[in-house]
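Since the structure comes first, as structure tokens, the remarks are kept for the end.
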Amino acid sequence: MTKKAKSKERRLRPATQLVHGGTIRSEFGETSEAIFLTQGFVYESAEAAARRFSGEEPGYIYSRFSNPTIAMFEERMRLLEGAEAARATATGMAAVTAALLCQLRAGDHVVAAKALFGSCRYVVEDLLPRYGIGSTLVDGTDLNQWRKAVTPATKAFFLESPTNPTLEVIDIEAVAEIAHKAKARLIVDNVFATPLLQKPLTLGADVVVYSATKHIDGQGRCLGGVVLSDQKFLTDHLHNFLRQTGPSISPFNAWVLLKGLETLGVRVERQVKTAAKLADHLAGSKKISRLIYPGRADHPQADVIKRQMSGGSNLIAFEVKGGRAGAFKVANAFKIIRISNNLGDAKSLVTHPSTTTHQRLTEEARREQGITQGLLRLSVGLEDVDDLTEDLDRALATLR
Ligand SMILES: Cc1ncc(COP(=O)(O)O)c(C=O)c1O
């Protein structure tokens with residue numbers, strides 16, 4: 001794409017970027033983006049290959065690190081996030097691991113919020129220390145804990161917000177300030193907010209990561225991840241790490257995600273609207289003992305949400321009476337809402353975090369994060385709100 005075309009696209013609003021951003025049309029003028037399902041590329045001559053490899057001539061070399069379909073997905077994400085650079089990966093976990101490892105070495109130290117997705121917590125707590133990278137976990141909502149955890153070796157801060165599954169919201173701007181004072185980079189896992197409801201880079205974060213498996217696909221079809229940053233981070237750290245270690249996304253999956261982005265706006269808008277109605281409905285139920293929804297005034301960080309998010313979420317966390325037995329009874333009684341550990345899908349999905357996504361944590365670590373045995377996480381889909389309300393009522397009615 002020419003520089004002129006790029007700057008014109010950047011002025012377009014998100015809804016338009018979601019449909020047109022980053023499109024590269026081939027000589028055939030196809031309407032829908034082409035899938036370049038190829039490992040590599042051929043060159044007109046040995047000299048041309050040499051020029052391509054030396055960087056003298058732009059162009060694709062090998063799909064482990066560059067491919068036209070993947071490039072379209074990366075460019076659409078880059079425009080949407082307002083980042084200088086974007087790189088896609090095979091999964092969200094590959095994005096998280098690459099964002100951390102590409103910049104760290106033995107002797108460095110990471111500060112992360114405790115309330116992390118189980119696998120992210122494994123990377124920070126178990127994997128990094130194996131390679132001599134220390135880590136300290138803090139209560140992400142307590143700014144003093146972030147400050148106190150900093151050591152002269154601290155190079156990165158890592159958090160997700162809203163958190164999985166208790167939907168805690170962390171003040172990204174304040175944590176970024178503490179990170180930058182310590183000369184550390186802040187990495188934000190923005191999965192639960194989606195690129196539409198929260199802009200971490202604008203709030204001061206240095207790197208944003210996504211599991212594109214969630215809302216970006218939004219139809220349960222494939223896995224994917226994205227890392228977004230400034231150009232310098234890409235050039236100095238990320239590009240070479242991804243190129244040499246190869247956690248690459250398939251061009252086919254990148255195409256699925258590219259098509260997912262086209263409908264992301266309408267899906268998320270509708271899901272958040274439905275979730276808000278369901279959360280209000282649940283707030284009146286005698287069968288639940290705790291309700292957490294980022295779109296409600298009774299959310300513990302409602303003031304932060306007002307400042308840093310443009311909407312609630314399609315996720316609701318609620319605790320039913322009767323502990324694990326009560327939670328299982330409710331989950332098993334749903335007729336429309338399905339039991340699954342995914343989220344952001346067109347289908348409404350319910351998860352029992354303490355026995356699935358957060359099973360590997362100790363009971364004490366779960367308790368610290370508020371992940372009780374009665375807690376359920378509901379990812380609201382695209383079904384009719386009245387059908388979902390009836391499904392919730394029917395399932396909750398099974399509790400005495
Ligand atoms: C907050 C968060 N980050 C990262 C991931 C990992 O994404 P993936 O499953 O695409 O590897 C998940 C997956 O559930 C998640 O919920």
Side-chain angles (χ1 to χ4, degrees), residues 70 73 77 87-101 112-127 137 140 157-170 172 186-195 197-198 200 205 207-228 242 245 247-250 253-254 256-257 260-261 264 268 271 292 294 309 313-317 339-345 347 349-361 366 369 371 375-380:
I70 298 172
F73 172 57
M77 281 300 303
R87 278 289 185 275
T89 53
T91 65
M93 282 322 302
V96 168
T97 308
L100 284 162
L101 274 185
K114 264 181 210 155
L116 289 178
F117 170 58
S119 300
C120 296
R121 196 155 154 166
Y122 162 80
V123 170
V124 171
E125 207 175 12
D126 297 2
L127 187 71
L137 293 174
F157 277 29
F158 179 48
L159 64 87
E160 65 183 48
S161 183
T163 62
N164 180 10
T166 47
L167 310 176
E168 247 177 24
V169 174
I170 299 176
I172 295 174
L186 172 61
I187 305 168
V188 173
D189 181 337
N190 207 38
V191 166
F192 274 46
T194 80
L197 302 176
Q198 182 170 272
V207 180
V208 178
V209 289
Y210 287 101
S211 162
T213 316
K214 310 295 183 294
H215 307 76
I216 293 172
D217 170 28
Q219 288 154 86
R221 300 166 295 190
C222 72
L223 296 149
V226 194
V227 185
L228 299 118
L242 293 177
T245 62
S248 327
I249 190 168
S250 147
N253 287 359
V256 171
L257 297 170
L261 283 175
L264 180 73
V268 169
Q271 287 169 333
I292 316 157
M309 293 183 73
S313 168
N314 80 310
L315 289 134
I316 304 169
I339 301 168
S340 175
N341 45 300
N342 202 16
L343 60 103
D345 200 90
K347 295 176 175 67
L349 303 172
V350 71
T351 308
H352 183 243
S354 69
T355 52
T356 59
T357 51
H358 292 69
Q359 190 183 44
R360 66 166 286 279
L361 297 185
R366 277 196 294 268
Q369 285 184 46
I371 307 170
L375 189 82
L376 289 170
R377 184 194 76 191
L378 174 64
S379 171
V380 176

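We count ligands from 1, going down the list as the structure has it; atoms in each ligand are counted the same way. Both backbone and side-chain heavy atoms feed into the values below; hydrogens, waters and symmetry mates do not.
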> What pair of heavy atoms forms the shortest contact from Val209 to Ala99, and how long is it?
Replying inline: CG1-CB, 3.8 Å
> Which ligand 1 atoms, with their elements, are less than 4.0 angstrom from a heavy-atom of Gly92?
Replying inline: 7 (O), 8 (P), 10 (O), 11 (O)
>> Going by the rule side-chain hydrogen bond (donor to acceptor under 3.5 Å, both in side chains), which residues pair with Arg87 if we only count those two or more places apart in sequence or in a different chain?
In response: His239
>> With respect to Glu160, determine whether any N or O atom, backbone or side chain, lies less than 3.5 Å from an N or O atom of ligand 1.
In response: no
> Can you tell me the protein heavy atom closest to atom 16 (O) of ligand 1 and the distance?
Replying inline: Asn164 ND2, 3.3 Å
> What do you reckon, does Val96 put a non-hydrogen atom under 4.0 Å from ligand 1?
Replying inline: no
>> Under a 4.0 angstrom heavy-atom cut-off, which atoms of ligand 1 come close to Asp189?
In response: 1 (C), 2 (C), 3 (N), 4 (C)
>> Considering Lys214, Arg377, Met93 one by one, which has a heavy atom nearer to atom 9 (O) of ligand 1 than any of the others?
In response: Lys214
> Do you see a donor-acceptor pair shorter than 3.5 Å between the side chains of Asp345 and Ser379?
Replying inline: no
>> If you define the side chain from C-beta out and look only at heavy atoms, does anything of Leu315 sit under 4.5 Å from Leu378?
In response: no
> Who pairs with His352 by ring pair (Phe, Tyr, Trp, His ring centres under 6.0 Å), at least two apart in sequence or on another chain?
Replying inline: Phe328
> Looking at Thr91, which atoms of ligand 1 are within less than 4.0 Å of one of its heavy atoms?
Replying inline: 10 (O), 11 (O)
> Should you measure from each heavy atom of Thr213, which atoms of ligand 1 turn up under 4.0 Å away?
Replying inline: 8 (P), 10 (O)
>> Determine whether a donor-acceptor pair (N or O, by modelled atom type, separation under 3.5 Å) exists between the side chain of Asp217 and the backbone of Gly220.
In response: yes
